[in-house]
Structures are given as structure tokens and as C-alpha cells.
**Student:** 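Structure in C-alpha cells, see below.
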Amino acid sequence: MPRAVWIILGSVAGLVALLLIGVAIAVATVDPNRFVAPLAARVKADTGRDLTIQGPVDIKLSLTPRIVLSNVAFGNASWAKTPQMLTAKRIEAQIALLPLLSRRFEVVEFTLIEPQVSLETDAKGRGNWEFATASSKPSGTQGSASQGVPGFGIGNFEIHNGTLTYRNGATGNVTTASIERMGMHARDMQTPIAVDFRGNVDGVAVALSGDIGSADKWLHQQWPLPIALKGDVDGKAVKLDTKLARSGTTTSLDDLDAAYGPLAGKGSIKMVNDGGHTRYVVNLDVPSLSVKDLEGSARPKGTATKASPPSGAKWIIPDTPLPIGPLAVVDSEGSIAIGELVLRDGARLAKLGTRFASKDANLDAKFSAGAMLGGSLRGELQFDGRNAQAPAVHLVLDAQDLDLAALAATAGIKRDIRGGKVRANVDIRGQGATPHRVASTMSGTISVVSGPATLGRSATQGESALAQLAGALDPLSNVDAATELRCAVFRLPLADGIAHVDRSIAIETSKLSASASGTLNFRDETLDLSVHPQVREGVKVDLAQLASFVRIRGRFDRPTVGIDAQQSAKTLAELGVLGATGGGIAVIGRALLAPASESASPCAVATSGKAPASATPSSSPSRNAAPRAPDLNLPKDVGKALGKLLGR
């Protein structure tokens, strides 16, 4: 190696040695305690708050000197509930070497050990982190000396084993965070601060990391500030990308892109402080949403998910908290657009939109679905949550052009269906914090009407109440290759959770018509319905194929089907009066006939709830009336048919 290189290296080494000696002398001759008073004065001038250091100030000598402050406290706002905004058992500051030669402290790393931080707002929304004199400080003084006070700047910031409380002065609600570790790192005042947090908030585990904008922009409130965080909250992956801004009493999260587990959305959220109350203005676009995910996210930690069902079985209508509850507990307004909503049964709705407004625990929402089961829907929901245990709910729905095949599939009816447009109207009121409890108290009307369709043969019969009822109303569904449906009506007049059905459930096909009467009890999810089919005049039907006077009763999910003994007894009584010489057979025929001249359309009766007295199922044919000859293909063994009627 050339001699000149050795000379240069030796000179540099000597210079470094001299610098290190100078630093050592500076560190050794400086009494750090004499900086406490000027530092406290500087903090007082900048914030209007008192900084006290009760323990000694110690410098640990090394190549990276470290200052240790013990028992530090920073004063709170004059209106705050606690006297100190921050206390710490120990503060450690790692100092850059070279600036010490000019008595300037540049803090490479600043660490709080076991701090207690108290954040709060007053009734008007003013935060205790807002310093009265900070805004008047000239820009560019950060990290520079002034008025003879040694300057200082902070690079990395960490908290170990701390606690933080936030008190909302308007509501009195207190949020508590336990900080296992928190770090904030930046190369300088202009680069984004990288944050890392691990701990819990009100008992919920939180782990987050990301960037929150530069320190210079935070100190000078240069809005908007970019925020980008991701991590894990309560076992669910989370993401937050937004631009934070503040103007007057409004704090905005614009260009928002957020996700919590399977829930994700884009848009904006504004928080407006209005007379001591915070009002939220929300505009979100959600690509996909599942009701199950929404219910799971809205459920408070540790709360029960369902009430005790009868006989240990589950409720069909869920007894989980209504997902609209969180919207009603805050003052808010705005709109939410959902690309696709997946219901609990797997049915999918598309192109949903809602506009809502809530205040004082009252929510009013108008919504629509552009694509739902082949049709469309619009409706309105009113939610009065002032009684938290039994909030009042009013729901109005109007659905048009629904696809009968899709609707039947959701009800567990397994048939090949072609055609059939359905309209549905709902107008109900109820009380309860869950869908099941609302259904248990609801009053109003649920109406579903279907137009003409072709129904394929039913190879299997579902177990649900609707599937069993559909089979009873169409007893030839597993006999004929196809059933030509003319109309079907399902109308429930409800009072206090019970539907008293008087022929308001009906069906008409090309061969027969049928209606049902009885009760559907949504309190215990049971039903008891009698179905009365009537064969159209001139139609050939094997009497043994008809499940006449069927009675369906039991739980909604698995009812039992049998013969209605009471209606059968009435028929047998008529047989006894008229004799068994063939007149009895004619009576059965007349009981199963529905000539248009004597009976109003069952669908019309079901829709209107009104029918002439002659149309009542209990009315008996007149003995003096000329017997009509039913075109029944009677079986060879009449006893077989009667046995079927009696359930033998």
C-alpha cells in the first residue's frame, strides 16, 4: 500500500481520536442536572404545561451515551379530570455523540418505561393534547437552540409496559389500553413515522404496524396526513389506509380503504363535534358482506349468542343481536352501498343501497336491492333503541318479480319450476334486540303471491314447514309429471307473534285447489294447520292419491304430517246420514269438488280475507241439491280410500 495512503489513514484516525477525546471531556464536564430547569422552562413555553423530574438525571457513559430521567410527570390541561397527562417511572434517552461538542442534544432513541398516559376531551370536544401556545411557535424551531437553551430533537420513540386511558368528555365513556410495546421510528422530522403497537384495548388484543405521516406535519398540523396501518385485532386481520384531516370541529378520514376480518369497505368518514356531541357522516362502498360476519362482529365480547331454545333445539329465526344495533347507538347519517349481501341461509342479494340517519338511539333507514332472487326490493326500517332490552322495530318491504324457483329453493322445496313471478309485501312491528325476539312479538301482515308456473314432479319432500305445506297444498306433486300452477297465496295476519290463518294460505292448479287454516306461532316456532284440497269439476283423480284433510303441526324445522281427524269425522258423519249405497261416495266427491258457481277462488279468498259463507270449508253440501257427478276414478277397493282418509 502506498505510503501516502497510510499517512491519510493515520491522520483520519488521529482526528477521530481527538473527537472522541473531546466528546469524553464534554460528557465528563457537563452536569446534566443543570439542564432540568431550562428544559422545563422550554416545555412550559411551548405547551403551557409543567414538566417535573423528581429523580436524579444520570448519564451512562459509553460510545452511545444514555441519559436516564426518573419519576417524570407532565401536567394536564386545567379542565382535565386528572392532574397529570403523563407520568413515567423512567425515561431513557440515547444521545448522538458529535452534537454534544456544541452542547446540543440530539436524541437517537427516547424510551418511556411504565408510563401512564391520560387522554381526554371536554364537553365541547377539545382534547387535552391541544396546547394553547403551540400554534404560536414559529416554524423551523424544532430541534434548534433558541434563547440560550440547548436544542434537541427526537428520532426513535418507544413505550414499554404502559397504560393509556381515553375519556370522552361528552359521554363520560372511558377506554383503557394496555401497552406491551409501542414504537415510533423516523429517520428525520420530514420522513413518515413507522409505528408498531402490541397490547390490548378494553381487553381486546391488538397488534398494528404501519406509517402515520411525518413528525413535522403532525407538529404543524399540515393536513391531510397519510395513515397506513395493518395488523391483527381480536384474532382478525385489519387494514386501514386513509388521509386524516381536521378543519374546525370536523375530523375527516378521506380516501378510506379499511378491512376488519372479512368486512371491507371504501369511502369516507367524518366526525363532527356538534355542541358536545359527536356526529358521524359515513359514506361507504362495500364489495361483499355476509350477515353471519356482521353478526359476529357486532356481538359484544363475552355476551351470549342465543337464548335457550325449546327442548334444547335451536331457533330457526336467529336469536343473535341485530346487526343494526351499532348504527343506532351513535348519532350518524350517510349512505352504504353493498355489491353483494349473503344472507344466513346462503341466499345472495346484489346492488344494495341504503341511506340512514340515527339520533338519540333512533334509526331511520331506507334501502333497496336491484337484484334479489331474480327481482328487486325496496323497503324502510325504523329502529327505536331507547329501550335497550326491547327496542322497537318497524319493517316495511315491497318485493317485485321474484323468481319462484329461487324463492322455493330458499324454503327447502326441491322441484323443477319454470316461470312464476312472485310479489311480496311485509309490514310488521315488533320489539326485541334479536330477530327471534322481534318475530315473537310482531304484528302486521306478511303476504307472498305467485303467478302462473309449471311445477315439475317432486321426487323428494323437504322437512321444513314450508316444504311440507307446499306438498299438502299440492297432493299430486309426486304423481303427475307436472303441475300447472295458476296462483298461490301465502298471507299471514300477525298479532303478538302469532298468525291466525283462516284460508289465507291457498293454491290453485289446473286439477285442484286447496286452502289452509290454523296458526303459526313465532314465539315457540310451531305451527298447526289444516289443509283442505278440492278437486276441480270434471277432473279425473284417483281418490287414494289425495291426502285430503291433511294436518301439519310441530316445529317449523321438522313438523309432522297426518290426517285431520276432526274434518274426517265430519265427512264420516255425512256418510252415515246418507247411507253407504253409493251416496257416501258421492259426498266424498262433492267434498272434494270446487265448482266455480259455488265457491269463490281460494286465491282471491286468501288475498282479501273475505269469502261467501258457502265457501267455508266446514259448510256441508245441501241434501236437496242435485248431486253432481264427480269424475272420480274410484279405486276398486273403496275401503282403501276411506282408510287413507282416516289415516289407516
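None of the values given here were measured: they were computed from a predicted structure.
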**Student:** Does the pair Lys230/Asp241 count as a salt bridge with the N-to-O cut at 4.0 Å?
**Tutor:** no

**Student:** Side chains of Asn425 and Asp398: donor-acceptor distance under 3.5 Å anywhere?
**Tutor:** yes

**Student:** Please check if the side chain of Arg49 supplies one atom and the backbone of Gly75 the other of a donor-acceptor pair under 3.5 Å.
**Tutor:** yes

**Student:** Would you call Asp319 and Arg437 a salt bridge, taking side-chain N to carboxylate O under 4.0 Å as the test?
**Tutor:** yes

**Student:** Can you check whether Asn168 reaches Thr121 side chain to side chain, under 4.5 Å on heavy atoms?
**Tutor:** yes

**Student:** Picking from Leu352, Leu349, Leu284, Asp285, what satisfies side-chain contact (heavy atoms from CB on, under 4.5 Å) with Ile338?
**Tutor:**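 The option that passes is Leu352.
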
**Student:** Please confirm whether the backbone N or O of Gly213 pairs with a side-chain atom of Asp211, one donor and one acceptor, at under 3.5 Å?
**Tutor:** no

**Student:** Looking at OG1 of Thr47 and CZ of Phe74, how far apart are the two atoms once the value is rounded to the nearest 0.5 Å?
**Tutor:** 4.0 Å

**Student:** Walk me through it: do Arg386 and Asp360 pass the test salt bridge (Lys or Arg N to Asp or Glu O under 4.0 Å)?
**Tutor:** CA-CA 7 Å; Arg386 286 174 292 183; Asp360 299 330; over 6 Å; no

**Student:** Give the intermediate values and the outcome of side chain to side chain donor-acceptor pair (under 3.5 Å) for residues Ser358 and Ser332.
**Tutor:** CA-CA 5 Å; Ser358 64; Ser332 62; 2.7 Å; yes

**Student:** Can you confirm whether Arg167 sits close enough to Lys81 that some side-chain heavy atom of one is under 4.5 Å from a side-chain heavy atom of the other?
**Tutor:**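 A side-chain contact under 4.5 Å exists here.
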
**Student:** I'd like to check the side chain to side chain donor-acceptor pair (under 3.5 Å) partners of Asp232; sequence neighbours left out, ordered by chain and number.
**Tutor:**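 Asp232 satisfies side chain to side chain donor-acceptor pair (under 3.5 Å) with no residue once adjacent residues are dropped.
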
**Student:** Under the salt bridge (Lys or Arg N to Asp or Glu O under 4.0 Å) rule, collect the residues that match up with Glu180, sequence neighbours excluded.
**Tutor:**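 So Glu180 forms no salt bridge (Lys or Arg N to Asp or Glu O under 4.0 Å) with any residue.
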
**Student:** With sequence neighbours excluded, tell me which residues meet salt bridge (Lys or Arg N to Asp or Glu O under 4.0 Å) with Asp255.
**Tutor:** Lys243

**Student:** Trp218 vs Leu244, test: side-chain contact (heavy atoms from CB on, under 4.5 Å). Steps then yes/no.
**Tutor:** CA-CA 11 Å; Trp218 278 98; Leu244 174 67; 3.7 Å; yes

**Student:** Is it the case that the side chains of Thr251 and Arg246 hold a donor-acceptor pair, with the cut-off being a distance below 3.5 Å and no angle test?
**Tutor:** yes

**Student:** Take Glu340 and Val286, measure what side-chain contact (heavy atoms from CB on, under 4.5 Å) needs, and give me the verdict at the end.
**Tutor:** CA-CA 8 Å; Glu340 181 182 64; Val286 180; over 6 Å; no

**Student:** Apply side chain to side chain donor-acceptor pair (under 3.5 Å) to Asn76 and list each qualifying residue two or more places apart in sequence or on a separate chain.
**Tutor:**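 By the side chain to side chain donor-acceptor pair (under 3.5 Å) rule, Asn76 matches Thr82, Asn128.
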
**Student:** Lys351: what forms a side chain to side chain contact (heavy atoms under 4.5 Å, CB included) with it, not counting sequence neighbours?
**Tutor:** none

**Student:** Could you pull out all residues at least two apart from Thr249 that satisfy side chain to side chain contact (heavy atoms under 4.5 Å, CB included)?
**Tutor:**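 Once residues adjacent in sequence are excluded, the partners of Thr249 under the side chain to side chain contact (heavy atoms under 4.5 Å, CB included) criterion are Val272, Asn273.
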
**Student:** Indicate whether any N or O donor in one side chain lies under 3.5 Å from an N or O acceptor in the other, for Thr176 and Thr165.
**Tutor:**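 Thr176 vs Thr165: no donor-acceptor pair found between side chains.
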
**Student:** Would you kindly say whether Asp427 and His394 are connected by a side-chain donor-acceptor distance under 3.5 Å?
**Tutor:**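 A pair is found: one side chain offers a donor N or O, the other an acceptor, under 3.5 Å apart.
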
**Student:** Between Arg181 and Glu158, is there a salt bridge with N-O shorter than 4.0 Å?
**Tutor:**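 Judged by the 4.0 Å cut-off on N to carboxylate O distance, Glu158 and Arg181 do form a salt bridge.
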
**Student:** Run the side chain to side chain contact (heavy atoms under 4.5 Å, CB included) test against Gln221 and tell me which residues pass, sequence neighbours left out.
**Tutor:** Trp223

**Student:** State which residues pass side chain to side chain contact (heavy atoms under 4.5 Å, CB included) with Val195; sequence neighbours excluded, sorted by chain then number.
**Tutor:** Met184, Ile193, Ile212, Leu229

**Student:** If the condition is salt bridge (Lys or Arg N to Asp or Glu O under 4.0 Å), which residues does Lys366 pass it with, not counting sequence neighbours?
**Tutor:**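 Salt bridge (Lys or Arg N to Asp or Glu O under 4.0 Å) list for Lys366, sorted by chain: Glu380.
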
**Student:** Taking only residues two or more places apart in sequence, or in another chain, which ones meet Ser376 in a side chain to side chain donor-acceptor pair (under 3.5 Å)?
**Tutor:** none

**Student:** Surrounding CD of Gln190 (heavy atoms of other residues, nucleotides or ligands, distance under 6.0 Å), is the total greater than 12?
**Tutor:**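 Correct, the count exceeds 12.
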
**Student:** Give the intermediate values and the outcome of side-chain contact (heavy atoms from CB on, under 4.5 Å) for residues Thr191 and Ser214.
**Tutor:** CA-CA 5 Å; Thr191 58; Ser214 70; 5.9 Å; no

**Student:** According to side chain to side chain donor-acceptor pair (under 3.5 Å), who are the partners of Ser335, at least two apart in sequence or on a separate chain?
**Tutor:** Asn283

**Student:** Can you name the residues that form a salt bridge (Lys or Arg N to Asp or Glu O under 4.0 Å) with Glu333, not counting sequence neighbours?
**Tutor:** Arg279

